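Order of the sequence lines sets the chain letters (A, B, ...), proteins ahead of strands, with each chain counted from 1. Not measured: the values here are computed from a predicted model.
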Amino acid sequence: MIRDIPQAPEAALLLSWYDRHHRDLPWRTSPAMAAGGERPDPYRVWLSEVMLQQTTVQAVKPYFAKFLAQWPTVGDLAAAPQEDVMVAWAGLGYYARARNLKKCAEAVANDHGGKFPDTEEGLRALPGIGDYTAAAVAAIAFNRPAAVMDGNVERVISRLHAIDTPLPAAKPLMKSKVAALTPVDRPGDFAQAMMDLGATICTPKRPACALCPLRERCLALAGHDPERFPVKAAKKDKPVRVGAAFVAVSADGDLFLRRRVESGLLGGMTEVPTTGWTSRLDGDTTTEAAPFAADWQACGVVTHVFTHFELRLTVYRARAENGSDADGWWQAITNLDAAALPTVMKKAIAQAIPNAFR
DNA sequence: TATACGTGGCA
DNA sequence: TTGCCAAGTAT
């Protein structure tokens, strides 16, 4: 006989809603597979969760497909050259994720026999896996009753309980609320249901409260102002930094590229040479920062907004011999897809060579 | 606890 | 246009 497992009313309402509004995402197990007791592949769950950190579902989809096609298993990823991983990740942002993705795959392959740890604690010890991802993979891939809390869950919980304490101070309280709601029988579905609810119904602006399965129990809705939650600390304003970028083109149609240092901003990614990025550009020393002497011609300014500052790069272009010695390499303009170029560098190149990416 | 860390879409 | 923000982590 089947014993009834105690479940919070909110969890029951949410799971019922989830079963009726299942979203078909590439990394998800279909309802039919789940009904047959099949668990999702931990590698796919992990890969998708890392890609989804601070990144939209739409942006992740093509990258997830590309990675899965190129590296079908965690062992394949562990054996891949680091540079190939950075090339494949280029454009997705937060490049420390790609560096840690590779380290994590190596740890799983070398220290865990090719199998992901099946507990929240074991997962949490791996590179690039923090509180959220450890709980998410434990719950979704291994059916562990972990309390999964991301930005969506914070919003849902803060509204449900009308939590006035600002983030991030309110996180421990919110986490305890999530833990109290997480059901032991379907923790993975519950976590995904909470995130789906936050993504589609309990949205930051103009939430669709009339369609919410938790509307009868939501204190923020009862207070007539759900958009007030979650309360957040005030943001700091974004400083502007300036610099110059140097796009050297050879007679053969090659472009001069470099690899950035492993750590920090755009760490391990490919760049065109630039000056430092500072509060003001010194006209006297700008072209001295060029990788080699040439007839540098200014050809415009590109603006790029990072998380914590705005960058305005003056782009210089010159013809140069591709035998010039400097700590970089010459790459065919027709083969720039093979380079690990972050978006800001593609913008600079496109400013100097408008059809570089066509 | 606060800061560094990308990018693109949307109102 | 400008700001907000999206399935966070590391230090």
C:dT9 C1' sits how many Å from A:Leu101 CG, rounded?
13 Å
Rounded to the nearest angstrom, tell me the gap between atom CD in A:Glu227 and atom C1' in C:dC5.
14 Å
Tell me whether the side-chain N/O atoms of A:Gln54 come closer than 4.0 Å to OP1 or OP2 in C:dG8.
yes
Side-chain-base donor-acceptor pair under 3.5 Å for A:Tyr94 and B:dG6
yes
Rounded to whole angstrom units, what separation is found between the NZ atom of A:Lys205 and the P atom of C:dG3?
14 Å
Rounded to whole angstrom, note down the P distance from C:dT9 over to B:dG8.
22 Å
Return the value, rounded to whole Å, for the distance between atom CE of A:Met345 and atom C1' of B:dG6.
12 Å
Any heavy-atom pair between the side chains of A:Leu101 and A:Trp46 that's under 4.5 Å?
yes
Can you find a side chain N or O atom of A:Lys238 that sits less than 4.0 Å from OP1 or OP2 on C:dT2?
no
Per nearest nucleotide of DNA chain C, the residue lying toward the 5' end, A:Thr203 or A:Arg124, is A:Thr203
5′-ward residue of the pair A:Ala96/A:Arg206 relative to DNA chain B
A:Ala96
Indicate, with a heavy-atom threshold strictly under 4.0 Å, whether A:Arg155 touches base, sugar-phosphate, or nothing.
sugar-phosphate
Close aromatic pair by centroid cut-off 6.0 Å: A:His304 and A:Phe306
yes
Please evaluate the base of B:dG6 for a donor-acceptor partner in the side chain of A:Thr55 within a cut-off of under 3.5 Å?
yes
Any side-chain heavy atom of A:Val242 sitting closer than 4.5 Å to one from A:Ser279?
no
Nearest to side-chain heavy atoms of A:Lys236, which nucleotide of B:dG8, B:dG6, B:dA2
B:dA2
Base, sugar-phosphate, or nothing for A:Val148, non-hydrogen atoms under 4.0 angstrom?
nothing
Contact class for A:Ile140 (heavy atom, under 4.0 Å): base, sugar-phosphate, or nothing?
nothing
How many whole angstroms separate atom CZ of A:Phe306 from atom P of B:dC5?
9 Å
Tell me which nucleotide among C:dC5, B:dG6, C:dG8 gets nearest to the side chain of A:Tyr132.
C:dG8
Classify A:Pro127 by what it touches in the nucleic acid, base, sugar-phosphate, or nothing, heavy-atom distance under 4.0 Å.
sugar-phosphate
Mind checking if A:Trp27 touches a base, just sugar-phosphate, or nothing, with heavy atoms under 4.0 Å?
base
Quick one: A:Leu167 CG to C:dG8 P, roughly how many Å, whole number?
12 Å
Does A:Ile129 reach a base, just sugar-phosphate, or nothing at all? Heavy atoms under 4.0 Å.
sugar-phosphate
Check the surroundings of atom NZ in A:Lys238: do more than 12 heavy atoms from other residues, nucleotides or ligands lie under 6.0 Å from it?
yes
Find out whether A:Phe67 and A:Gln70 are in side-chain contact, i.e. whether some heavy atom of one side chain is under 4.5 Å from a heavy atom of the other.
no
Think A:Thr56 has a side-chain N or O under 4.0 angstrom from the OP1 or OP2 of C:dC5?
no
Applying a 4.0 Å non-hydrogen cut-off, can you work out what A:Val344 is touching in the nucleic acid: base, sugar-phosphate, or nothing?
sugar-phosphate
Verify the distance criterion only: is there a donor paired with an acceptor across the side chains of A:Ser48 and A:Arg44 at less than 3.5 Å?
no
Counting C-beta onward and ignoring hydrogens, is there a side-chain heavy-atom pair between A:Arg159 and A:Leu219 closer than 4.5 Å?
no
When you measure only distances, ignoring hydrogens and angles, does the side chain of A:Thr307 come within 3.5 Å of the base of B:dG6 through a donor and an acceptor?
yes
Under 4.0 Å, counting only non-hydrogen atoms across every strand here, what does A:Gly267 touch: a base, just sugar-phosphate, or nothing?
nothing
When we call it a touch if two heavy atoms are under 4.0 Å apart, what does A:Thr133 touch: a base, just sugar-phosphate, or nothing?
sugar-phosphate
Over all strands shown, is A:Arg99 touching base, sugar-phosphate only, or nothing at heavy-atom distances under 4.0 angstrom?
nothing
Report the distance from atom CG of A:Leu92 to atom P of B:dT7, rounded to the nearest whole Å.
10 Å
Write down the distance between CG (A:Leu52) and C1' (C:dG8), rounded to a whole number of angstrom.
11 Å
Among C:dT9, B:dG6, C:dG8, the nucleotide that comes nearest once only the side chain of A:Asp150 is considered:
C:dG8
Counting only side-chain N and O atoms of A:His308, is one of them less than 4.0 Å from OP1 or OP2 of B:dT3?
no
Given B:dG6, is OP1 or OP2 found less than 4.0 Å from the side-chain N or O atoms of A:His304?
no
